[in-house]
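Let me begin by presenting the structure, written as structure tokens, before commenting on it.
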Amino acid sequence: MENLSLGLILTGFLLLVAALFPATHICRIAQNRGWQLLLALVLFFICGYLAFAHQVYRTENNSPLVLGLSVILMLGAIFVIVVVRLSRASLLQLQDIAESERYQARHDSLTQLENRQECTKYIEQCIAKGAAFSVLLMDINNFKQVNDALGHFFGDKLLIAFAVKMQTLTTRGCKVYRMGGDEFVIVTESASETELFSLNNTLLKTFNDGLMIDDMQVDVFYSAGARIFCLEEKPSVTQLLKHADIAMYAAKSSRQSLVIFDQTLHDGVEAEFELFNSLKAALNNNQLEVFYQPLVCGHSNEVHGLEALLRWRDTDGAFISPLTFIPIAEKNNYIKQISAFVIERVFSELNHFLTIEPNVTLHINLSCQDFHGRYLVNQLVELQSKYNVKPSCIVFELTESMVMVDVDQARYMIGMLIDMGFSVSIDDFGTGFSSFSMLRELPISQIKVDRSFVSGCLDSDKDQAIVETTIYLAKRLGCSVVAEGVEDSKTAAYLNSIGCHYLQGYYMSEALERESAKQWLHSHRVVKKVLKR
């Protein structure tokens, strides 16, 4: 019985010794005094087990009490090693979870590139060092088309493949981050225009063969904007990223792969921002005006219609060109509000013109953004009822480039307008590459030959051929034709001779404010009556 007791005690002793390693490991993982106390108790128990074993061996005590204590000590040792091992396993699991969360907090979950927060921290470190570096912001130009055509899962695979390619730049002293969506940032040691264009050439070569995704080769095109860190200016992280973003959108609008930020770009963006805010204020304060330019029948001199043209008078009395503020409104998704203002103004003023010229039509220009959603249709239904407008008196003008952005949506919306009783005209006809296919695809009743062809038709055989062909084609398709930009009597006579239906331009009249347009209509009607006599 003495040997059995000694065996049990020594087994417990060995188990406690085995528990020392995980207990020591726990103390290194968890900086907590409780675990250190546990380690001290294990060491104390080890010493106690040895002392008890020595006592049993020396006294040769064979009593059942000693055997029972030996069993209890061994079971206690088993309990200690089980608790210590389970505790270590739990702590290691928690450590892995914490490490995973720290990793996810620093990295993008899709591409595994470091994220926006890490990018900001790294740029701050670079600024603090005062060393030369550049920030390059880029996005994938055709990502939306890929997403729409092949789905978001495929789009995610494209982003992953793109990120993998980008990571090859780390060998050139670059760090790559994903900012979100299809935007990526490269922080590079390159700090001159020559080095940045060299880096861009490397990127172009990297994506020259496209990306292979699910056995499909996808061509990838990007736009990038770079901002070189200048120690004298010492821009902040926010300024560096903002300037790179400005340069990127300049690259996108100019269809370049890389644009490097300079003060000219900054001044242009600030001026655009101020102009946009002024435009919103002008609309809210009813400072925008609608002028009207007549369209006249070339043969009979009858008034066909009036085109509504938006005018914005500056504080000095001069007009700000629509070519300046309309693109800004479109860029900032504000054009729907502009269109809504013009449409309501025209609908409210239509009866002023009908009392003078009962057959007059008013032409209103639309933007491609007006075709998104049902806002336009709902507004027309509401205003038509509010002002008791006859749809046959309204012609909506759409530019060719606008229609070809989404032919299916354009066809649907044009059909809706026609079903409501309105007419549709294509403005700037001939300036794109899709004019003929557009006439075949869409139910257009009128086309307007762009002024760039009309103004030079007497001096250029090519312009003349385009004008004559357009008029012939329109007649065969049952469309009426308006020639824009008629500036003199010779051009007007020539257009009449080749069968152009309607003329518009300074030769007939410039764009006039409402009261002046009413006077012009009245005078024109009086002159016609006199001539008939």
Side-chain angles (χ1 to χ4, degrees), residues 137-145 147-148 179-183 222-225 227 238-256 259 261-290 308-315 318-346 364-379 396-406 409-410 413 427-428:
L137 178 65
M138 62 192 299
D139 77 356
I140 305 171
N141 291 338
N142 55 330
F143 181 68
K144 184 179 184 302
Q145 289 85 343
N147 248 356
D148 292 344
M179 302 300 280
D182 61 336
E183 284 192 348
Y222 66 85
S223 295
R227 172 63 157 94
T238 303
Q239 288 174 319
L240 286 171
L241 291 173
K242 175 186 173 183
H243 293 168
D245 188 52
I246 291 171
M248 182 188 75
Y249 277 98
K252 192 178 290 290
S253 61
S254 61
R255 298 187 179 182
Q256 300 180 67
V259 167
F261 177 85
D262 59 23
Q263 191 59 38
T264 303
L265 280 177
H266 183 262
D267 293 342
V269 169
E270 283 194 339
E272 181 180 305
F273 180 73
E274 291 176 2
L275 186 65
F276 176 58
N277 285 333
S278 299
L279 175 61
K280 290 196 293 184
L283 181 61
N284 293 333
N285 298 326
N286 202 30
Q287 294 172 343
L288 299 180
E289 304 173 56
V290 175
L309 299 170
L310 188 63
R311 292 292 182 261
W312 180 12
R313 203 187 303 266
D314 206 349
T315 52
F319 287 104
I320 300 173
S321 171
L323 297 176
T324 301
F325 66 83
I326 291 297
I328 291 175
E330 290 181 329
K331 181 179 178 180
N332 291 278
N333 298 317
Y334 197 66
I335 196 65
K336 282 188 177 183
Q337 290 86 331
I338 299 293
S339 296
F341 166 79
V342 174
I343 292 171
E344 178 154 15
R345 179 63 61 86
V346 169
I364 303 173
N365 293 284
L366 295 178
S367 164
C368 59
Q369 293 177 27
D370 293 317
F371 272 17
H372 296 159
R374 292 188 56 85
Y375 178 80
L376 175 64
V377 173
N378 293 337
Q379 184 197 17
F396 287 106
E397 295 190 5
L398 322 174
T399 63
E400 178 185 345
S401 56
M402 161 195 163
V403 169
M404 298 314 294
V405 169
D406 189 339
Q409 179 67 11
M413 288 300 297
D427 198 5
D428 300 338

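These numbers come from a predicted model, not from an experiment.
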Approximate separation, where rounding is to 0.5 Å, of [X] [atom1] and [Y] [atom2]:
X    : Y    : atom1 : atom2 : result
E330 : I335 : CD    : CD1   : 5.0 Å
N141 : Y222 : CG    : OH    : 10.0 Å
I326 : S339 : CD1   : OG    : 7.5 Å
F325 : L275 : CZ    : CG    : 8.5 Å
H243 : L265 : NE2   : CG    : 10.0 Å
L137 : M179 : CG    : CE    : 7.0 Å

What are the two closest heavy atoms between [X] and [Y], and how far apart are they?
X    : Y    : answer
N333 : Q369 : CA-OE1, 3.4 Å
M248 : S223 : CG-O, 3.5 Å
A250 : S253 : O-OG, 3.0 Å
P322 : R311 : CG-NH1, 3.5 Å
W312 : Q287 : CD1-O, 4.5 Å

Output all residues satisfying salt bridge (Lys or Arg N to Asp or Glu O under 4.0 Å) with E289, sequence neighbours left out; order by chain, then residue number.
R313
Going by the rule salt bridge (Lys or Arg N to Asp or Glu O under 4.0 Å), which residues pair with K280 if we only count those two or more places apart in sequence or in a different chain?
none
Taking side chain to side chain contact (heavy atoms under 4.5 Å, CB included) as the test, write out the residues that go with N365, two or more places apart.
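In terms of side chain to side chain contact (heavy atoms under 4.5 Å, CB included), with neighbours along the sequence ignored, N365 is linked to E307, L309, E397, D427.
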Candidate pair H372 and K336, rule side chain to side chain contact (heavy atoms under 4.5 Å, CB included), full reasoning
CA-CA 10 Å; H372 296 159; K336 282 188 177 183; 4.2 Å; yes
Considering the options L366, V377, L398, which one meets the side chain to side chain contact (heavy atoms under 4.5 Å, CB included) requirement together with M413?
V377
Side chain to side chain contact (heavy atoms under 4.5 Å, CB included) assessment of D139 paired with K252:
CA-CA 9 Å; D139 77 356; K252 192 178 290 290; 2.9 Å; yes
Please answer whether the main-chain N or O of A281 pairs with a side-chain N or O of N284 as donor and acceptor at a distance below 3.5 Å.
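A pair under 3.5 Å: no.
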Any donor-acceptor N/O pair, N378 side chain to R374 backbone, under 3.5 Å:
yes
Using a 6.0 Å cut-off, check whether atom CZ of F319 has over 12 heavy atoms from anything other than its own residue.
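Yes - once you tally the heavy atoms of other residues, nucleotides and ligands closer than 6.0 Å, there are more than 12.
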If we only count heavy atoms from C-beta on, is the D370 to Q379 side-chain gap below 4.5 Å?
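Counting from C-beta outward, D370 and Q379 never come under 4.5 Å.
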Decide yes or no for V259 and Y249: does some side-chain heavy atom of the first lie under 4.5 Å from some side-chain heavy atom of the second?
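No, every pair of side-chain atoms sits at 4.5 Å or beyond.
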Side chains of Q256 and S254: is there a donor and an acceptor less than 3.5 Å apart?
yes
What's the verdict on side chain to side chain contact (heavy atoms under 4.5 Å, CB included) for L310 and I338, showing C-alpha distance, side-chain angles and the deciding distance?
CA-CA 9 Å; L310 188 63; I338 299 293; 3.4 Å; yes
Side chain to side chain contact (heavy atoms under 4.5 Å, CB included), that's the test. Do L288 and V342 meet it? Break it down for me.
CA-CA 9 Å; L288 299 180; V342 174; over 6 Å; no
Would you call K144 and D182 a salt bridge, taking side-chain N to carboxylate O under 4.0 Å as the test?
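No, this pair does not count.
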In terms of ring plane angle, is the pair Y334 and F276 parallel, tilted or perpendicular, where the classes change at 30° and 60°?
perpendicular
